[in-house]
Amino acid sequence: MSKGKREVISDWLMLLGAPILLGSLFLAWSHQFSPGFVARYAHTPALNGLPRDPTAWQVYSVFDVLLAVLALALLAVALRGARPARVAVLLGLMVAVAFTWHALGRPPTRGADLFDPSLSPPGYTPNHPTAGAGEVVALVGLGLGIGGVLVSFTAD
């Protein structure tokens, strides 16, 4: 495959990965209340104001901004990225994959622990949050970005 084709493929992979990564921040990153928990306590004021399926913007205070900056950096590298910039973006993408993979296994949540005296014995109500689609979409965007950066190194 020619150098020009590899450059085009790498640029397109990065150009596809950047908006997918950015878009993932607007999807649910956590289903912070299990269905049984919601069925039992949805009518109580304890859950007022807590989003059921928060986005990355609602769950994180810093990492969401870093992912957005990384998506923009990936876009910039696709358009005019020198080798050192691509190396820096690749390192950022790999850290982001590790963080997102961790978030997929341990859903980020700002859920509530509710003490229920009617339980036998009285105690906190069990709640089992699950991951949302945002982590999976972010991993797709990160994978495309990493693939694009790696292919770009073969075109140097």
Side-chain angles (χ1 to χ4, degrees), residues 1-38 46-114 124-156:
M1 185 179 297
S2 72
K3 176 183 173 183
K5 284 185 180 180
R6 287 189 304 242
E7 286 177 357
V8 168
I9 289 170
S10 70
D11 288 344
W12 275 107
L13 286 172
M14 289 184 277
L15 287 172
L16 286 172
I20 290 172
L21 177 58
L22 190 60
S24 75
L25 300 175
F26 296 93
L27 299 174
W29 275 58
S30 173
H31 302 293
Q32 61 185 354
F33 303 115
S34 61
F37 188 86
V38 171
L47 299 183
N48 287 348
L50 291 175
R52 303 285 192 266
D53 303 313
T55 66
W57 300 110
Q58 294 170 309
V59 176
Y60 298 113
S61 59
V62 174
F63 191 72
D64 54 350
V65 175
L66 294 177
L67 276 177
V69 168
L70 186 59
L72 294 175
L74 184 61
L75 183 64
V77 164
L79 297 175
R80 290 191 182 267
R83 186 175 184 90
R86 285 182 281 145
V87 169
V89 167
L90 180 61
L91 293 174
L93 289 169
M94 292 187 324
V95 169
V97 165
F99 182 88
T100 306
W101 192 262
H102 175 75
L104 186 63
R106 296 180 190 256
T109 181
R110 295 189 329 197
D113 291 327
L114 295 179
Y124 287 98
T125 302
N127 182 25
H128 306 289
T130 58
E135 292 98 336
V136 175
V137 173
L139 287 172
V140 170
L142 291 166
L144 288 170
I146 289 171
V149 173
L150 292 176
V151 170
S152 76
F153 291 139
T154 68
D156 285 345

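Please read all numbers here as calculations on a predicted model, not as lab measurements.
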Checklist entry - Any idea which heavy atoms bring Val77 and Met14 closest together, and the distance? => result CG1-SD, 3.9 Å

Item to check | Parallel, tilted or perpendicular: rings of Phe26 and Trp57 (30°, 60°) | outcome: tilted

Checklist entry - Roughly how far, to the nearest 0.5 Å, is the CG atom of Leu144 from the CG atom of Leu139? => result 11.0 Å

Checklist entry - What's the spacing between Ile20 CD1 and Leu74 CG if we round to 0.5 Å? => result 10.5 Å

Checklist entry - Which distance, rounded to the nearest 0.5 Å, do you find between the CG of Leu91 and the CG of Leu70? => result 10.5 Å

Checklist entry - What do the steps show when you test Gln58 against Thr55 for side chain to side chain contact (heavy atoms under 4.5 Å, CB included), and what is the final call? => result CA-CA 5 Å; Gln58 294 170 309; Thr55 66; 3.6 Å; yes

Item to check | Derivation of the side chain to side chain contact (heavy atoms under 4.5 Å, CB included) call for Ile146 and Leu90 | outcome: CA-CA 6 Å; Ile146 289 171; Leu90 180 61; 4.0 Å; yes

Checklist entry - Below 4.5 Å, heavy atoms only, C-beta onward: do Leu15 and Leu75 meet side chain to side chain? => result yes

Checklist outcome for this item: On a heavy-atom basis, the closest approach of Glu135 and Gly132 is OE1-O, 2.8 Å

Item to check | Interatomic distance, Leu21 atom CG to Leu67 atom CG [nearest 0.5 angstrom] | outcome: 5.5 Å

Next on the checklist: Ignoring hydrogens, what is the shortest heavy-atom contact between Gly147 and Leu13? Give both atom names and the distance.
Outcome noted: C-CD1, 3.9 Å

Checklist entry - Would you call Val87 and Phe153 a side-chain contact if the rule is heavy atoms closer than 4.5 Å? => result yes

Checklist entry - Going through the distances and angles, do Thr154 and Val151 end up as a side chain to side chain contact (heavy atoms under 4.5 Å, CB included)? => result CA-CA 5 Å; Thr154 68; Val151 170; 4.2 Å; yes

Checklist entry - Once you round to the nearest 0.5 Å, how far does CG of Leu66 lie from CZ of Phe99? => result 9.0 Å

Next on the checklist: Minimum heavy-atom separation for Gly148 and Ser10, please, with both atom names.
Outcome noted: O-CB, 3.0 Å

Next on the checklist: With a 3.5 Å distance limit and no angle check, can you tell me whether Trp29 reaches the backbone of Ser24 through a side-chain donor-acceptor pair?
Outcome noted: yes

Checklist entry - Are side-chain heavy atoms of Asp64 and Val59 found at a separation under 4.5 Å? => result no

Checklist entry - Hey, is CZ on Arg83 packed in by over 12 heavy atoms from elsewhere, all under 6.0 Å? => result yes

Checklist entry - If you round to the nearest 0.5 Å, how far is NE2 of His31 from OG1 of Thr130? => result 5.0 Å

Checklist entry - Between Thr100 and Ala138, which heavy-atom pair has the shortest distance, and what is it? => result CG2-CB, 4.0 Å

